[in-house]
Protein chains: 2
Amino acid sequence: MAKAEVPEVVVARLPLYLRALEYMAERGHDLVSSSALGAEAGVSPAQIRKDLSYFGEFGKQGLGYEVAYLRSQIQRILQLDHCWNMLLVGAGALGHALVNYRAFEGHHYRIVAVFDSDPAKVGQPIGHLVVEPMQGLCETIQAREVTIGILAIPAESAQVVAEELVSCGIRAILNYAPIHLVLRPGIRVSYLDPVASLQSMSYFL
Amino acid sequence: MAKAEVPEVVVARLPLYLRALEYMAERGHDLVSSSALGAEAGVSPAQIRKDLSYFGEFGKQGLGYEVAYLRSQIQRILQLDHCWNMLLVGAGALGHALVNYRAFEGHHYRIVAVFDSDPAKVGQPIGHLVVEPMQGLCETIQAREVTIGILAIPAESAQVVAEELVSCGIRAILNYAPIHLVLRPGIRVSYLDPVASLQSMSYFL
DNA sequence: GCGTGTGAAACAATTCACAGCG
DNA sequence: CGCTGTGAATTGTTTCACACGC
């Protein structure tokens with residue numbers, strides 16, 4: 001079976017499977033069962049099979065899944081067959097870490113420009129890029145076909161900047177600012193807030 | 001009603017409410033309704049009321065919630081009334097950003113030591129700390145009552161280091177390495193992987 | 001009237017268990 | 001025989017809707 005409404009949780013797990021498959025490929029595995037993949041990804045075998053069944057039939061009964069094939073199929077489903085251009089707002093310590101983060105390149109994501117509202121930071125080199133002033137935002141987004149914005153700025157300015165990104169054509173935002181963004185429907189936002197993660201763990205300690 | 005099994009999703013939302021309450025307090029709000037809080041936190045009013053009802057009755061009928069009171073109650077529930085000592089492993093660009101991240105201090109989390117296996121990095125200053133060699137890990141954890149470990153290291157070494165942390169008494173891990181950690185039950189792990197977040201957004205673009 | 005707190009209803013996600021195929 | 005793919009059963013989560021108190 002293919003198509004139909006795919007729950008978001010299912011989509012959110014596909015990257016975990018992909019990651020696990022990459023490690024198994026490195027280790028030279030050709031075939032993998034849903035149990036083995038589950039052990040590697042931290043998910044139950046039944047869940048893996050159910051999740052994959054939303055998108056098609058990728059396994060061989062009695063054998064398991066071909067690592068290389070399943071990997072390429074998940075990449076296709078997640079639209080990872082081309083490189084995504086991203087733009088970063090915020091040239092602080094986190095911004096530096098993100099520009100220098102190697103895993104983006106290895107996974108077809110590329111930060112093509114860095115912006116900051118602080119005039120003192122504009123012009124400074126950061127990795128292979130140079131910090132640009134906010135005025136150039138829209139032009140860069142449109143000229144370089146940037147679809148994803150990364151916010152590494154304080155919560156105070158995040159909403160305003162996010163709106164600006166969206167008005168320029170950005171369709172997804174990776175938000176490191178600890179604030180909920182209110183944007184028009186259809187715009188995807190992912191939140192990465194270490195404090196929130198820590199706080200929910202604190203409950204269980 | 002108090003106690004009973006609280007679902008993890010509920011606990012995971014409390015930090016969002018707390019964050020929203022902090023902003024409302026800054027803006028001078030004394031009272032807030034579940035709808036207003038929901039708008040700020042990106043959650044439905046009914047859900048907020050249901051979530052809070054797992055822990056007690058915090059609101060006033062016809063009025064809403066007292067911002068300061070609800071805030072203090074959620075802090076209490078999440079055990080944020082004392083400071084949590086954390087330890088960081090990995091003195092790369094991300095490690096630097098984390099040590100200099102101001103929001104930790106403002107929320108009763110504190111990185112008390114940084115470790116790295118690279119001899120070239122040991123001894124280097126990073127923020128107000130100095131990078132230490134891995135041998136000192138256990139001693140620091142026990143001497144300084146460190147309960148949370150942060151992994152900002154490559155995936156290859158994350159499992160081994162995580163096991164070491166756990167064997168020294170760490171009870172929660174904030175994991176930036178893109179790999180699923182297998183640890184004994186009771187150890188909490190939060191995963192923060194920007195690539196995984198980006199990949200699941202890519203599906204919808 | 002307004003907004004909380006909460007059972008009951010609706011909906012969603014996960015696990016079970018087994019037919020079917022290599 | 002082993003392991004996938006999948007309906008059915010179970011379990012979990014969210015929304016509804018209304019009694020109750022301010």
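Protein chains get the first letters and strands the later ones, always in sequence-line order, with residue 1 at the start of each. These numbers were taken from a predicted model, which means no experiment stands behind them.
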Give the table of side-chain donor-acceptor pairs shorter than 3.5 Å for residues 94-106 of chain B, with sequence neighbours excluded, one pair per line with atom names and distance.
unit_1, atom_1, unit_2, atom_2, d
B/H96, ND1, B/G92, O, 3.0
B/N100, ND2, B/H96, O, 3.0

### Task
Ignoring hydrogens and angles, state whether a donor on the side chain of A/H29 or A/E40 is under 3.5 Å from an acceptor on the partner side chain.
no
### Query
So B/F58 and B/Y69, would you call those rings parallel, tilted or perpendicular, with 30° and 60° as cut-offs?
tilted
### With sequence neighbours excluded, residues passing ring pair (Phe, Tyr, Trp, His ring centres under 6.0 Å) with A/H82
A/W84
### Task
Quick one: label A/S35 by what it contacts on the DNA or RNA (base, sugar-phosphate, nothing), any heavy atom closer than 4.0 Å.
nothing
### Message
If we count only N and O atoms by modelled type, under 3.5 Å, do the side chains of A/T147 and A/R171 hold a donor and an acceptor together?
### Response
no
### Query
Between D/dT6 atom P and A/F55 atom CZ, what is the distance in whole Å?
13 Å
### Task
Find out whether B/L78 and B/P15 are in side-chain contact, i.e. whether some heavy atom of one side chain is under 4.5 Å from a heavy atom of the other.
yes
### Message
Return a single string for nucleotides 14-22 of chain C, one symbol per nucleotide in 5' to 3' order, where B is base contact, S is sugar-phosphate-only contact and - is none, cutoff 4.0 angstrom on heavy atoms.
### Response
SB-B--BBS
### Query
Within the structure shown, what part of the strands sits under 4.0 Å from B/P7 by heavy-atom distance: base, sugar-phosphate, or nothing?
sugar-phosphate
#### Entry: Nucleotide C/dT4, atom C1' - distance to CG of B/L37 in whole Å
13 Å
### Task
Measure from CD on B/E57 to C1' on D/dC20 and round the result to the nearest Å.
11 Å
